[in-house]
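Heads up, the thing below is written out as structure tokens.
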Amino acid sequence: MTAHAGDPGVATDQRISLDWFLPLTGDSRTDLSLGSATNNDPLHKPVAQRAATIPYLSQVARAAEHLGYEAVLVPTGSGNEESWTISAALSQHTRSLQYLVAVRPGLISPTIQAQLASTFQNISDGRLRINVVGGEDVEQRRYGDHVGHDDRYRRAAEYLVILQRLWSGERVTHHGEFFDIEDAYIAPPLRVPAVYLGGSSDAAIDVAAEHADVYLTWGEPPAQAGEKIRRVRERAAARGRALSYGVRLHVIARPTSDEAWAIADALVAGLDPELIARRRAAFAVSGSVGQRRQHALTNGGTTRADLEIHPGLWAGAALVRGGAGTALVGSYEEVADLIGEYHSHGFREFVLSGYPHLEEAYWFAEGVRPLLNRRGLL
């Protein structure tokens, strides 16, 4: 049950944190395919109304910091600007905002990755978090990586072990299945970054249970998402570990429900039916279990009746956008209620985004955040 104003309050370890997102493919008021880390559709090259430049992205980052978001998620993908370069640049435009930088284990040496992270920590005063992502087969091949899905997660586990040893200041000699390293060492970071990991497959859940600090999942209906993190929690407990749990969602929050749904409906109405068909065909056979689950949420249609998969939870972005495809849609009160519902299933961190990212950061922070605060959730 969600705490509301006048309740005794919520224990500190049960309160939530709010994060935002950096759109490294550019930003738009109308194109839901923008913001995706990958674009596997050669016939669709979205044109950003706002390019992913440092002047624009620094506006988003500074707004997020000003509005009280704790971190921004920085995606990785061949359709993006490169995440480490952007994050390092933006860290010098902000003072307290943290950067949750997506990493694909195995594409670069774990020693170099540990060094990158350590240097980032030291130049940013410890404001780095690491988001380990699995990747699509098509996307991985663009990087010259032909390791299969489950093997990628085994490789990620080995990678993370090496990173943690290097970050601790250890000199590392490691002869494993994927990596062979002799006497590696780095200058240790100011502090070891928290590790986030998502994924819906058994392979992903096992790696998260063993190595992650935070399990981060794409938004599904609250009970369904809650069942997923129950599986992670059980596997982590069997290893003597306890994780925190986060959910990745878009948001359209307005003073009234009608205003919010009008925006959602307009976003879908502007989509090319041929683009929807191509993306649906690709998502249906994706090598990512999570991507197939997001695709299934759209129910084969494009109307609100098809796409509102739970009161206030809308799967419109999943029609054309890779990755996170669901949004919280409604009045400020309704969106706050839905966040409370996720909270009741064990979610403590909300990584949010919207179209366009600058304005939507304000709509949510000025409209929904005060309600969450009054309910004792922040």
Side-chain angles (χ1 to χ4, degrees), residues 1-3 10-19 21 70-71 73 100 102-103 129-134 149-150 152-153 156-157 160 193-251 288-297 309-315 317-318 323-328 335-353 372 375 377-378:
M1 183 175 177
T2 304
V10 178
T12 301
D13 62 352
Q14 300 297 305
R15 291 177 185 165
I16 67 173
S17 61
L18 301 171
D19 305 325
F21 181 84
E70 293 187 14
L73 174 59
L100 176 55
V103 169
R129 308 176 187 183
I130 298 288
N131 182 34
V132 174
V133 296
H149 176 277
D150 286 3
R152 285 202 295 271
Y153 280 103
L160 288 169
V195 172
Y196 291 57
L197 195 146
S200 298
S201 67
D202 283 340
I205 287 173
D206 280 338
V207 177
E210 181 72 28
H211 298 285
D213 300 300
V214 181
Y215 178 77
L216 180 63
T217 184
W218 293 332
E220 299 177 355
Q224 184 174 324
E227 172 59 24
K228 186 190 292 186
I229 68 171
R230 183 192 62 77
R231 292 164 55 204
V232 182
R233 186 179 290 112
E234 288 176 352
R235 295 193 199 184
R239 294 164 167 83
R241 304 188 71 239
L243 279 60
S244 184
Y245 297 93
V247 60
R248 171 79 181 94
L249 294 155
H250 308 288
V251 63
S288 164
V289 175
Q291 187 65 75
R292 294 198 303 270
R293 288 170 68 115
Q294 290 287 289
H295 163 71
L297 295 175
I309 55 176
H310 177 86
L313 184 66
W314 178 72
T326 53
L328 310 174
V335 170
D337 287 344
L338 190 47
I339 287 175
E341 191 173 350
Y342 278 102
H343 177 265
S344 73
H345 285 280
F347 289 96
R348 299 292 177 264
E349 187 164 351
F350 293 79
V351 183
L352 305 172
S353 58
L372 299 174
R375 297 177 185 188
L377 287 174
L378 293 179

Side-chain heavy atoms of Asp19 within contact of Leu73, under 4.5 Å: no
Rounded to the nearest 0.5 Å, how far does OG of Ser244 lie from CZ of Phe347? 10.5 Å
Would you say the side chain of Arg233 lies within less than 4.5 Å of the side chain of Tyr245, judging by non-hydrogen atoms? yes
Could you tell me whether the side chain of Asp206 reaches within less than 4.5 Å of the side chain of Tyr153, counting heavy atoms only? no
Kindly give the heavy-atom pair with the smallest separation between Leu352 and Arg248, and that separation in Å. C-NH1, 3.8 Å
Residues Gly198 and Ala204: closest non-hydrogen pair is O-CB, 3.6 Å
Answer yes or no: is there a side-chain heavy-atom contact under 4.5 Å between Gln291 and Gln294? yes
I'd like to know if the side chain of His310 pairs up with that of Gln224 as donor and acceptor (distance under 3.5 Å, no hydrogens or angles considered). no
Under a 4.5 Å cut-off applied to non-hydrogen side-chain atoms, are Leu18 and Leu378 in contact? yes
Can Arg375 and Asp337 be said to form a salt bridge (charged side-chain N to carboxylate O under 4.0 Å, His left out), step by step? CA-CA 10 Å; Arg375 297 177 185 188; Asp337 287 344; 2.7 Å; yes
If you look at every heavy atom in Val247 and Gly219, which pair is closest and at what distance? CG2-CA, 3.7 Å
Side chains of Leu197 and His211: closer than 4.5 Å at any heavy-atom pair? no
Rounded to the nearest 0.5 Å, what's the gap from CZ on Arg230 to CZ on Arg235? Could you check? 10.0 Å
Minimum heavy-atom distance between Tyr342 and Glu220, given as atom pair plus value: OH-O, 2.6 Å
Would you say Leu338 and Pro222 make side-chain contact, with heavy atoms under 4.5 Å? yes
Starting from the C-alpha separation in whole Å, work towards a yes-or-no answer on side-chain contact (heavy atoms from CB on, under 4.5 Å) for Leu249 and Leu313. CA-CA 9 Å; Leu249 294 155; Leu313 184 66; 4.0 Å; yes
To the nearest 0.5 Å, atom CG of Leu297 lies from atom CH2 of Trp218 at 11.5 Å
CD1 of Ile16 to CD1 of Ile339, rounded to nearest 0.5 Å, is 5.5 Å
Lys/Arg cation over aromatic Tyr196: Arg129, 6.0 Å, 45° cone: no
Taking Phe21's backbone N and O only, do any of them form a donor-acceptor pair with Ser353's side chain (distance below 3.5 Å, no angle check)? no
Could you point out which residue of Leu216, Val214, Asn131 forms a side-chain contact (heavy atoms from CB on, under 4.5 Å) with Val351? Leu216
Please name the pair of heavy atoms, one in Ala156 and one in Val132, separated by the smallest distance, quoted to 0.1 Å. CB-CG1, 4.5 Å
Check whether any side-chain heavy atom of Arg348 sits under 4.5 Å from a side-chain heavy atom of Arg15, and report yes or no. no
Does Tyr215 have Arg231 sitting over its ring (NZ/CZ under 6.0 Å from centre, angle to axis within 45°)? no
So which atom in Val133 and which in Ala102 form the shortest heavy-atom distance, rounded to 0.1 Å? CG1-CB, 4.3 Å
Please check this pair: side chain of His343 against backbone of Gln14, looking for a donor-acceptor N/O pair closer than 3.5 Å. yes
